[in-house]
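Each remark here refers to the structure printed beneath this line.
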Amino acid sequence: MNRILIITVVFLIGLLSFKNSEKPLDKLQIAEKYFVALDESNSTKMEELLADSLITRVPKYEYEVRYSKSDYLKKWLKWDSIFDPTYEVLEMNVENESVKVKVSKSDERIFFFMQKPFITNEILKFKEDKIIAIETEYINFDEVTWEKNRTELINWTTKNYPELNLGHFINVQTEYGGKKFLKAIKLYINKNK
């Protein structure tokens, strides 16, 4: 009888250990899938990874946006896709029930404003194996260059293509806003050709 009890206890401990060691791997897999979906601008792949709402934060700039899953996929992701982004995961680790990811992002907008990829640390927070929040820490953000190029683009577009209303659309994170933004960038780049 004692032998059966000991075997049962060892089996249960082994089962619990296996279950607990599985969680960080699940979160890493979810994070990996999230960045693959971002890189592909694939809302179908991303939909299964997100909770019903998502909070994005940039603490340094006291910036926070709360999205419904639908708004994140149908507005923000479509806006992001307009600029043909490339996301490259440089590092990924589980930290305190979250996943910290060092990411390099390059796209037409970022290259225009900074002339180099954007490096960030992204902290993905989870609830019931779904992403509920993403906190961003900028690593190489060149605020001076970004703001200079942004101001020049807005001023030039306002003077030469006022119908684009870029001063308004530069911050509209929808597919339509992204298309106007990208059109202004391309017009500006080609102005001397």
Side-chain angles (χ1 to χ4, degrees), residues 12 15-110 113-114 117-141 146 168-182:
L12 288 175
L15 185 62
L16 289 173
S17 296
F18 175 73
K19 223 176 172 172
N20 288 338
S21 69
E22 200 174 81
K23 280 294 183 199
L25 182 60
D26 288 344
K27 289 178 181 171
L28 283 174
Q29 288 173 338
I30 293 166
E32 287 170 6
K33 287 179 180 181
Y34 173 79
F35 284 101
V36 167
L38 268 181
D39 188 58
E40 296 173 355
S41 300
N42 188 323
S43 60
T44 304
K45 284 184 179 179
M46 188 173 293
E47 186 170 9
E48 67 187 39
L49 308 171
L50 303 176
D52 289 337
S53 63
L54 179 72
I55 300 170
T56 61
R57 291 185 187 105
V58 184
K60 180 178 179 180
Y61 295 99
E62 298 178 2
Y63 174 83
E64 180 175 297
V65 178
R66 294 173 182 266
Y67 295 97
S68 68
K69 183 192 296 191
S70 177
D71 279 350
Y72 190 76
L73 298 173
K74 293 179 181 171
K75 292 182 180 176
W76 185 87
L77 187 61
K78 286 193 180 218
W79 172 83
D80 188 53
S81 73
I82 295 299
F83 304 102
D84 193 25
T86 298
Y87 290 85
E88 180 183 355
V89 172
L90 305 174
E91 290 178 35
M92 187 179 301
N93 303 300
V94 175
E95 290 185 6
N96 304 325
E97 300 298 316
S98 299
V99 175
K100 185 174 182 180
V101 187
K102 185 175 184 180
V103 179
S104 171
K105 178 183 180 185
S106 184
D107 66 24
E108 292 184 64
R109 177 183 67 99
I110 291 168
F113 286 139
M114 270 190 8
F118 207 24
I119 309 293
T120 60
N121 281 326
E122 305 290 332
I123 299 171
L124 282 63
K125 299 185 180 193
F126 298 83
K127 183 176 182 182
E128 298 173 6
D129 295 329
K130 300 286 185 186
I131 300 169
I132 60 167
I134 301 170
E135 194 170 287
T136 302
E137 173 194 11
Y138 299 131
I139 296 175
N140 72 332
F141 183 46
W146 186 283
H168 169 74
F169 282 104
I170 202 163
N171 295 318
V172 176
Q173 294 181 330
T174 64
E175 184 176 14
Y176 181 71
K179 285 179 179 178
K180 284 198 167 248
F181 192 171
L182 184 59

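- For Lys74, the NZ atom counts as loosely surrounded, since its 6.0 Å shell holds 12 or fewer non-hydrogen atoms of other residues, nucleotides or ligands.
- Residue Asp107 comes nearest to Asp80 through the heavy atom pair OD2-OD1, 4.2 Å, listed as atom of the first residue, atom of the second, then distance.
- Here the CH2 atom belonging to Trp76 is positioned 7.5 Å from the CD atom belonging to Gln173, to the nearest 0.5 angstrom.
- In this structure, the separation between CG on Leu54 and CD1 on Ile134 is 4.5 Å, given to the nearest 0.5 Å.
- Residues Thr174 and Phe169 have side chains not in contact (no heavy-atom distance under 4.5 Å, counting atoms from C-beta outward).
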- Message: Please evaluate residues Val65 and Ile55 with respect to the criterion side-chain contact (heavy atoms from CB on, under 4.5 Å), reporting the C-alpha separation (whole Å), side-chain torsions for both, the decisive distance (0.1 Å), and the verdict.
- Response: CA-CA 6 Å; Val65 178; Ile55 300 170; over 6 Å; no
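- You'll find the side chain of Met92 reaches within 4.5 Å of the side chain of Val99, heavy atoms only.
- Atom CD1 of Ile119 and atom OG of Ser104 lie 3.5 Å apart (nearest 0.5 Å).
- Salt-bridge check for Lys100 with Glu91: failed, with every basic side-chain N at 4.0 Å or more from each acidic carboxylate O.
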- Message: Working note: Ile131 + Ile30, criterion side-chain contact (heavy atoms from CB on, under 4.5 Å); need CA distance, chi angles, decisive distance, verdict.
- Response: CA-CA 8 Å; Ile131 300 169; Ile30 293 166; 4.0 Å; yes
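- Rounded to the nearest 0.5 angstrom, Tyr138 OH and Tyr61 OH are separated by 7.0 Å.
- Counting heavy atoms from C-beta on, the side chains of Ser81 and Phe83 never come closer than 4.5 Å.
- Taking NZ of Lys130 as the reference point, atom CG of Leu124 lies at 13.5 Å (rounded to 0.5 Å).
- Around atom NZ of Lys180, more than 12 heavy atoms belonging to other residues, nucleotides or ligands sit under 6.0 Å away.
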- Message: salt bridge (charged side-chain N to carboxylate O under 4.0 Å, His left out), that's the test. Do Glu97 and Lys125 meet it? Break it down for me.
- Response: CA-CA 7 Å; Glu97 300 298 316; Lys125 299 185 180 193; over 6 Å; no
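- Of the possible donor and acceptor atoms, one in the side chain of Lys69 sits under 3.5 Å from a partner among the backbone N and O of Glu47.
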- Message: Pair Glu64, Arg66 - check salt bridge (charged side-chain N to carboxylate O under 4.0 Å, His left out), show working.
- Response: CA-CA 7 Å; Glu64 180 175 297; Arg66 294 173 182 266; 3.2 Å; yes
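- Between Trp79 and Tyr176, every side-chain heavy-atom pair lies at or beyond the 4.5 Å cut-off.
- Within the 4.5 Å cutoff, the side chain of Lys105 has heavy atoms near those of the Ile110 side chain.
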- Message: As a quick check of understanding, evaluate side-chain contact (heavy atoms from CB on, under 4.5 Å) for Glu122 and Phe35, giving each step before the final call.
- Response: CA-CA 11 Å; Glu122 305 290 332; Phe35 284 101; 4.1 Å; yes
- Message: Between Lys45 and Glu40, does the salt bridge (charged side-chain N to carboxylate O under 4.0 Å, His left out) criterion hold? Intermediate values first, please.
- Response: CA-CA 9 Å; Lys45 284 184 179 179; Glu40 296 173 355; 2.7 Å; yes
- Between Glu175 and Ile82, does a side-chain contact (heavy atoms from CB on, under 4.5 Å) hold up when you go through it step by step? CA-CA 7 Å; Glu175 184 176 14; Ile82 295 299; 3.9 Å; yes
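- The main-chain N or O of Thr44 is found under 3.5 Å from a side-chain atom of Asn42 such that the two form a donor-acceptor pair.
- The backbone N or O of Pro117 lies less than 3.5 Å from a partner atom in the side chain of Asn140, making a donor-acceptor pair.
- Across every non-hydrogen atom of Phe126 and Asp129, the tightest pair is CD2-C, 4.4 Å.
- In this structure the side chain of Tyr72 reaches within 4.5 angstrom of the side chain of Met46, judged on heavy atoms.
- By the 4.5 Å heavy-atom criterion applied to side chains, Phe141 and Met114 are counted as neighbours.
- The structure places CG of Asn121 at 9.0 Å from CD of Glu95, a figure rounded to the nearest 0.5 Å.
- Side-chain contact between Thr120 and Ile139: absent, with no pair of heavy atoms (C-beta onward) separated by less than 4.5 Å.
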